[in-house]
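As structure tokens, the structure follows; a few thoughts come after it.
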Amino acid sequence: MAVRLTTWFVTQGLSSTGSNSTSRHRSYSNARFSFHCSPASSCKPRHRNLSCNCVNKRHRLRKKGSVEQPSTTTDFRFNGNDDSESDGASSAGVIVPIESVSDHEAPTANGNDSILTTLTPSDQANPSAYNTQDLVGMIRNAEKNIHLLNRARVNALEDLDKILGEKEALQGQMNALEMRLAETDARIRVAAQEKIKVELLENQLDKMRNELNLNGDGGVERGQVEIFENEDQLFNEEAPLPYRTSINALVANLNALRLENQSLKNDVEALREELSYVKNTDERVVMLENQRSTLESALKELESKLSVSQEEVSKLSNLKVECKGLWEKVENLQLLLDKSTKQADQAIVVLQQNQEIQKKVDKLEESLETANVYRESSEKMQRYNELMQQKIKLMEDRLQRSDEEIHSYVQLYQESVEEFQDTLNTLKEESKRRAVDEPVDDMPWEFWSRLLLMIDGWLFENKISIDDAQVLREMVWKRERRIHDSYMACKEKNEHDAVSTFLKLISSQTSPGLHVVHIAAEMAPVAKVGGLGDVVAGLGKALQKKGHLVEIVLPKYDCMQYDRVPDLRALDLVLESYFDGRLFKNKVWVGTVEGLPVYFIEPLHPDKFFWRGRFYGEHDDFKRFSFFSRAALELLLQSGKQPDIIHCHDWQTAFVAPLYWDLYAPNGLNSARICFTCHNFEYQGTAPASELASCGLDVHQLNRPDRMQDNSAHDRINAVKGAVVFSNIVTTVSPTYAQEVLTAEGGHGLHSTLNFHSKKFNGVLNGIDADAWNPATDAYLKVQYSANDRQGKAENKEALRRTLGLSSADVKRPLSEFEGLASHFENHDHVRLILKYDDSLSHAIFAASDMFIIPSIFEPCGLTQMIAMRYGSIPIVRKTGGLNDSVFDVDDDTVPLQFRNGYSFLTPNEQGFNGALGRAFALYMNKPDSWQQLVQKVMNIDFSWDTSASRYEELYSKSLARARAVAHA
């Protein structure tokens with residue numbers, strides 16, 4: 001451990017560093033100094049007490065007229081616990097010097113001051129007995145000891161430097177005293193010379209007195225000349241002028257000499273005192289030399305202790321090396337353990353491989369048994385071959401006879417061809433006569449939609465009247481050949497000639513069907529997020545095929561697929577619509593999508609409602625789609641259209657219903673019935689009631705429990721509730737889902753409203769686009785196939801396995817889709833989870849799948865199960881929503897056999913799911929023929945939009961009939 005050395009300097013007016021003062025006048029006094037180096041105990045220095053007595057001497061006498069002052073003695077006592085400096089009780093500028101240290105006050109040191117170690121001899125002999133933590137602690141303690149020793153050494157060196165500095169200061173003072181002594185000696189010599197002069201003058205004065213005494217006569221002369229006995233008489237009595245003058249001069253010189261002599265005596269006394277102080281200074285120098293030697297001895301002792309500690313540190317370093325060796329041994333043991341573990345794992349793998357080999361051997365033995373069975377049956381095969389040879393001969397005979405029959409049939413065919421040619425010529429003549437009156441059926445719907453949009457464009461641009469546009473629309477609805485031929489004839493002409501040609505065709509016409517306008521936020525494939533887009537496109541095309549005029553109104557999103565609208569163009573029209581208390585302009589675009597005429601509305605609003613890079617999910621969706629709903633109705637009003645049905649979808653266009661009856665029906669757009677379809681009642685479009693005023697609706701009138709007020713929060717508006725209340729027809733996407741939302745659990749707060757309006761509420765099962773989802777024509781498939789030729793399904797299955805990196809070892813293993821199992825089956829040979837949408841991959845999965853699992857907790861409709869069956873994949877579903885309306889369990893005896901098409905379960909748990917899946921696997925593995933019959937049956941089921949469109953056609957017609965009956969009454 002380190003021993004702290006403390007040196008005490010008693011000073012006044014100066015710091016304890018021993019720096020020299022530059023003051024000319026100094027006074028010194030003696031002081032006693034002592035310090036003690038206490039031995040270490042428990043790594044803490046003991047307290048030290050130091051004392052000194054300081055005696056101040058009188059100040060130096062000034063050169064002239066100075067008065068001696070009595071000296072003052074002051075005793076100072078210091079406590080070693082305080083390292084601060086104490087001021088002496090002397091006058092300013094006094095330095096108290098340090099005397100030599102007495103023998104009993106000298107630093108003491110013995111062998112006990114050496115650094116104590118924490119290791120016993122037995123511990124040192126056996127360092128491995130300590131753990132690594134103990135060794136690290138010992139090393140850290142040793143390092144602290146070394147640090148303390150270094151600090152003690154530095155403190156001792158600093159004290160020695162202070163002493164040497166004071167010695168140099170004293171040496172300078174001695175030099176100054178020697179110089180003053182030399183000056184004093186010179187002055188003494190001058191004073192001696194002056195004294196000699198005074199003595200000479202006194203001698204001359206005596207001689208003058210003697211001469212006067214000898215040369216004077218009798219009384220006269222004695223009366224004339226008087227010798228003065230003393231100086232007082234000489235100055236007090238009058239004397240002759242010659243004598244008085246010379247005597248005065250001599251007396252003055254004599255007094256001066258006396259004063260100077262007295263001054264010299266004082267200087268001599270002062271010099272004697274200084275000489276005595278010089279002697280004391282020499283003694284002090286001796287004392288400092290002794291102190292320095294004492295400090296050097298203490299320093300040497302500390303260095304010896306430091307060397308001892310370094311030896312002990314070296315021992316600790318050896319222990320550290322040994323510890324490092326132990327760690328290396330531990331690491332080697334760990335490596336050996338890892339190797340052993342790897343070897344054990346390899347042994348386990350080898351054991352597993354041996355087990356697999358054993359299984360293969362067992363399979364080979366089974367194969368050998370099977371081969372033996374085949375060998376036994378080879379005789380039967382030979383007999384079977386003989387029978388087949390006989391049958392082949394019979395077939396050859398029959399073939400020969402059939403050739404003869406075919407030859408006769410060819411002759412009959414040639415005769416029938418001649419008759420057919422005659423009949424064809426007759427038909428051609430008749431067709432020419434009827435061509436003018438019959439509709440054109442060989443043109444695609446895109447042609448008629450484009451023609452209809454052209455007529456509407458002329459109307460918006462004021463090139464034809466509303467009545468003319470209505471007549472031309474009716475001709476397009478009928479697909480009359482006259483308007484077809486007129487369009488083809490003026491196709492290369494300018495627009496003015498085309499308008500003139502079309503106006504010549506105007507005559508009274510009757511509409512062939514209904515005029516239906518869909519106002520929606522989505523339409524596949526141009527703007528699709530979910531099933532809504534498929535419904536709008538599929539239902540629109542199905543109604544169009546039934547002879548109805550169908551038009552679609554969509555927002556013009558910046559992120560829609562513009563390449564799916566090749567004929568997109570902007571109309572020369574400025575459509576203004578009301579919002580937030582003012583009119584905003586809208587740009588109208590037209591184009592055909594999937595053969596349907598579509599109007600795209602682009603609001604020229606500063607908030608750029610539909611230029612956000614996505615369809616939904618914005619903070620102002622309520623404002624965006626309420627703006628669009630009013631702009632869509634404004635488009636119908638300003639174009640002069642009088643549709644029979646305005647069909648709106650989901651909460652985004654639910655505003656159409658209250659807007660139509662409150663604002664547009666009173667202003668001329670009054671021919672339509674409103675149909676609202678909610679595809680998912682979980683999303684209802686609620687917002688603070690005040691936001692409804694932006695589109696011009698009366699918040700006070702509509703924020704009522706029987707109108708648009710939300711059933712859960714009376715200060716909020718519910719858009720879906722408003723559509724349910726104000727629409728003439730309310731539908732959802734399946735009959736079962738329609739029953740589920742009438743309950744509190746499934747209605748999401750609207751069950752009471754739906755029950756109140758249940759008479760107009762219907763569930764219509766969605767369909768699928770049979771043209772887009774057709775395995776016989778699907779361009780995404782490697783091999784096309786159909787219900788009657790399903791060989792291509794196996795080839796698509798093998799292709800998908802190669803694409804997804806699945807094993808092909810067992811091609812009979814069924815493919816299923818599993819969700820939520822990606823991490824568990826990441827490297828599985830037979831399972832993959834694809835967490836992205838890929839249109840081509842989805843087609844390939846449907847074509848390759850044997851089973852399709854849809855374990856939905858709730859499903860409003862669902863198109864997946866319909867598409868799966870279209871591609872020959874058997875659905876395994878939970879009985880909910882549209883799944884319950886489209887999948888009927890093959891083992892359910894309550895369902896007619898012709899309608900059974902899959903597997904279903906009711907309870908949403910593992911037991912229910914495994915039960916359905918196990919039954920499906922059992923049929924697939926054990927009864928392949930029955931499985932293939934089931935596959936053929938589900939592929940022939942018609943899930944197209946034709947049935948659903950007929951149901952909507954019925955709902956439309958009934959609603960219109962009721963409206964006409966009310967108007968007639």
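Residue indices begin at 1 and follow the sequence shown.
Exactly one of R624, E618, K556 qualifies for a side-chain contact (heavy atoms from CB on, under 4.5 Å) with F610. That residue is R624. Residue V526 is tested with I552, D563, L568, L554 for a side-chain contact (heavy atoms from CB on, under 4.5 Å); the sole match is L554.
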Residues Q791, Y785; criterion side-chain hydrogen bond (donor to acceptor under 3.5 Å, both in side chains); working and verdict: CA-CA 7 Å; Q791 183 62 34; Y785 62 98; over 6 Å; no

Using side-chain hydrogen bond (donor to acceptor under 3.5 Å, both in side chains), reason through D778 and Y871 one step at a time and then give a plain yes or no. CA-CA 10 Å; D778 196 334; Y871 281 72; 2.5 Å; yes

Does S950 form a side-chain hydrogen bond (donor to acceptor under 3.5 Å, both in side chains) with K546? I'd like the steps, not just the answer. CA-CA 9 Å; S950 297; K546 288 181 175 294; 2.9 Å; yes

Y616 and E522: CA distance, side-chain angles, deciding distance, side-chain hydrogen bond (donor to acceptor under 3.5 Å, both in side chains) verdict: CA-CA 10 Å; Y616 306 132; E522 296 181 36; 2.8 Å; yes

Under the salt bridge (Lys or Arg N to Asp or Glu O under 4.0 Å) rule, what do D946 and K545 come out as? Steps first, then yes or no, please. CA-CA 9 Å; D946 185 65; K545 289 179 181 179; over 6 Å; no

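D558 meets the salt bridge (Lys or Arg N to Asp or Glu O under 4.0 Å) test with no other residue; sequence neighbours excluded. In terms of the salt bridge (Lys or Arg N to Asp or Glu O under 4.0 Å) criterion, residue partners of E954 (sequence neighbours excluded) are, by chain and number, R951, K958.
Checking side-chain atoms of T592 against main-chain N and O of E446 turns up no donor-acceptor pair under 3.5 Å. In this structure, the side chain of K760 engages the main chain of V724 through a donor-acceptor pair within 3.5 Å.
Legend: salt bridge (charged side-chain N to carboxylate O under 4.0 Å, His left out) pairs involving residues 861-880, not counting sequence neighbours: none detected.
Atoms CG and CD1, from L633 and I519 in turn, are 5.0 Å apart once rounded to the nearest 0.5 Å. Taking CH2 of W945 as the reference point, atom CG of D771 lies at 14.0 Å (rounded to 0.5 Å). In this structure, CG on L923 lies 6.0 Å from CH2 on W931, to the nearest 0.5 angstrom.
Counting only N and O atoms by type, the side chains of E740 and T880 include a donor and acceptor under 3.5 Å apart. Inspection of the T677 and T731 side chains reveals an N or O donor paired with an N or O acceptor under 3.5 Å. For the residue pair H515/D644, the side-chain donor-acceptor check at 3.5 Å is not satisfied. With no hydrogens or angles considered, no side-chain donor-acceptor pair links N728 and S959 at under 3.5 Å. Residues H548 and Y956 have side chains that never bring a donor and an acceptor to within less than 3.5 angstrom of each other.
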